[in-house]
Amino acid sequence: MPMNEPGNLPDGAPVARRTLLGMLGLGATGLVTAPYLQSGWEGLLAKASQNDPTGLAGLLPNPAGFRYYSVVGSVPRKGENDYTLKIGGLVNRPRTYTLADLRALPQARVVRDVRCTDGWRVEKVPFEGVRLSDLLEDSGVGASGRALSFDCFDGAYTESLTLEQARRSDVLVALRMQDAPITHEHGGPVRLYVAPMYFYKSAKWLSGISVTERVVPGYWEQRGYDVDGWL
């Protein structure tokens, strides 16, 4: 009997429709649950990284593209009530900013690719925050100031920039990432973002900025990374 005869349709057609509808249902479920699954996986990666000072957890795959690194076993969480950013060293007016203070200042937005020395890359990531140059202007850099040293509230990580680098318009004290407040796992509530350099220069969990007479190599720079991490 030819395949297009009516006798072949009653059993075959409903099965085909059920299969198709099932596939569409799975696809719809995937679309709905994907953000939750992604969020859960990112949370697991973040937790693993904070208990893995070797950095090997950062090699685990992540569909969003980012990898999570911490150089200590755990990092305290800071928020609205206990976060401060201190600016000192060779400045005329030492400053201490709360989250509310930073949010009240003029905000800038920078959208660039994020690239790591390990080879991964995430395209067109938006960051928003206060230009570092504005904070330096507010503090008044002393005549002998030539560089900046950055401290983090993980108690271990440090970073550095020259004063010329720090005054670029694409260097931010960032409060938002991917159009949302920066999460703890991504270095929130405040992190450094140095758009034209490899991501290790964008220190997470930023807590202090000190103006210095010379460049003081940061954590990874003391371990062989370039002091000038240009892309």
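Small disclaimer: the values here were computed from a predicted structure and weren't measured.
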Q: Report the C-alpha separation of I182 and L175 in whole Å, then their side-chain angles, then the decisive distance to 0.1 Å, and conclude whether the side chain to side chain contact (heavy atoms under 4.5 Å, CB included) test is met.
A: CA-CA 6 Å; I182 297 178; L175 307 174; 5.7 Å; no
Q: Any chance you could measure T158, atom OG1, to W220, atom CH2, to the nearest 0.5 Å?
A: 11.0 Å
Q: Within 45 degrees of the ring normal and closer than 6.0 Å to the centroid, is that where the cationic atom of R223 sits relative to Y225?
A: no
Q: Roughly how far apart are R77 CZ and W205 CH2, rounded to 0.5 Å?
A: 9.5 Å
Q: Go through it in stages, so that I can follow the logic: the residues are F66 and W120, the test is side chain to side chain contact (heavy atoms under 4.5 Å, CB included), and I'd like the CA-CA distance, side-chain angles, deciding distance and then a yes or no.
A: CA-CA 7 Å; F66 287 97; W120 58 265; 3.8 Å; yes
Q: Please report the interatomic distance OG(S133) to CZ(R168), rounded to the nearest 0.5 Å.
A: 11.5 Å
Q: Taking everything shown except R93 itself, do over 12 heavy atoms lie less than 6.0 Å from its CZ?
A: yes
Q: Hey, is R95 close enough to D138 for a salt bridge, meaning N to O under 4.0 Å?
A: yes
Q: Does the side chain of D228 reach to within under 4.5 Å of the side chain of K201, using non-hydrogen atoms?
A: no
Q: Determine, step by step, whether R131 and E137 satisfy the salt bridge (Lys or Arg N to Asp or Glu O under 4.0 Å) criterion, reporting the C-alpha distance in whole Å, the side-chain angles of both residues, the deciding distance to 0.1 Å, and the verdict.
A: CA-CA 10 Å; R131 285 194 174 94; E137 181 70 21; over 6 Å; no
Q: Keeping S202 on the side-chain end and V194 on the backbone end, is there a donor-acceptor pair under 3.5 Å?
A: yes
Q: Is the closest basic N to carboxylate O distance between R112 and D170 below 4.0 Å?
A: yes
Q: Measure the shortest side-chain to side-chain distance between L90 and E213 over non-hydrogen atoms and say whether it is less than 4.5 angstrom.
A: yes
Q: For Y157, does its backbone N or O pair with a side-chain atom of D154 as donor and acceptor, under 3.5 Å?
A: yes
Q: For the pair I87 and Y97, evaluate side chain to side chain contact (heavy atoms under 4.5 Å, CB included) and give the outcome as yes or no after the intermediate values.
A: CA-CA 8 Å; I87 300 182; Y97 298 93; 3.6 Å; yes
Q: Do the rings of Y193 and F127 sit parallel, tilted or perpendicular, given the 30° and 60° boundaries?
A: parallel
Q: Is there a path of hydrophobic side-chain contacts, each under 4.5 Å between heavy atoms of I, L, V, M, F, W or Y residues, that connects L192 with V215?
A: no
Q: Tell me whether D179 is salt-bridged to R109, with the criterion being a basic N under 4.0 Å from an acidic carboxylate O.
A: yes
Q: Counting C-beta onward and ignoring hydrogens, is there a side-chain heavy-atom pair between R146 and L163 closer than 4.5 Å?
A: no
Q: As an exercise, state the distance from CG of L135 to CG of L105, rounded to the nearest 0.5 Å.
A: 6.5 Å
Q: Could you tell me whether E159 and K204 have a side-chain N and a carboxylate O separated by less than 4.0 Å?
A: no
Q: Nearest 0.5 Å please: distance from the CG atom of L132 over to the CG atom of L161.
A: 7.0 Å
Q: Considering only heavy atoms from C-beta outward, does the side chain of S210 approach that of T212 to under 4.5 Å?
A: yes
Q: Is a side-chain N or O of N92 found less than 3.5 angstrom from the main chain of G142, in a donor-acceptor match?
A: no
Q: Within a reach of under 6.0 Å around CD of E80, are more than 12 heavy atoms found that belong to other residues, nucleotides or ligands?
A: yes
Q: Give the C-alpha distance, both sets of side-chain angles, the deciding distance and a yes or no for side chain to side chain contact (heavy atoms under 4.5 Å, CB included) between S160 and L148.
A: CA-CA 6 Å; S160 69; L148 277 73; over 6 Å; no
Q: Under a 4.5 Å side-chain heavy-atom rule over Ile, Leu, Val, Met, Phe, Trp and Tyr, are L231 and V111 clustered together?
A: no
Q: Does some side-chain heavy atom of C152 sit less than 4.5 Å from a side-chain heavy atom of Y219?
A: no
Q: Any idea how Y68 and H186 line up, ring-wise: parallel (<30°), tilted (30 to 60°), or perpendicular (>60°)?
A: tilted
Q: Decide yes or no for Y200 and Y69: does some side-chain heavy atom of the first lie under 4.5 Å from some side-chain heavy atom of the second?
A: no
Q: Taking V122 as the starting point, is it possible to reach V110 by hopping between hydrophobic residues whose side chains are less than 4.5 Å apart?
A: yes
Q: Using a cut-off of 6.0 Å, state whether more than 12 heavy atoms not belonging to Q222 lie near its atom CD.
A: yes
Q: Taking side chain as C-beta onward, heavy atoms only, is L136 less than 4.5 Å from R167?
A: yes
Q: Heavy atoms only: give me the nearest V171-Q165 pair and the separation to one decimal.
A: CG2-O, 3.5 Å
Q: Working to the nearest 0.5 Å, report the span between CH2 of W230 and OH of Y198.
A: 13.0 Å
Q: State whether R103 and E128 are salt-bridged, where the test is any N-O pair (Lys NZ or Arg NE/NH1/NH2 against Asp/Glu carboxylate O) under 4.0 Å.
A: no
Q: Would you indicate whether the side-chain heavy atoms of D101 and L85 approach each other to under 4.5 Å?
A: no
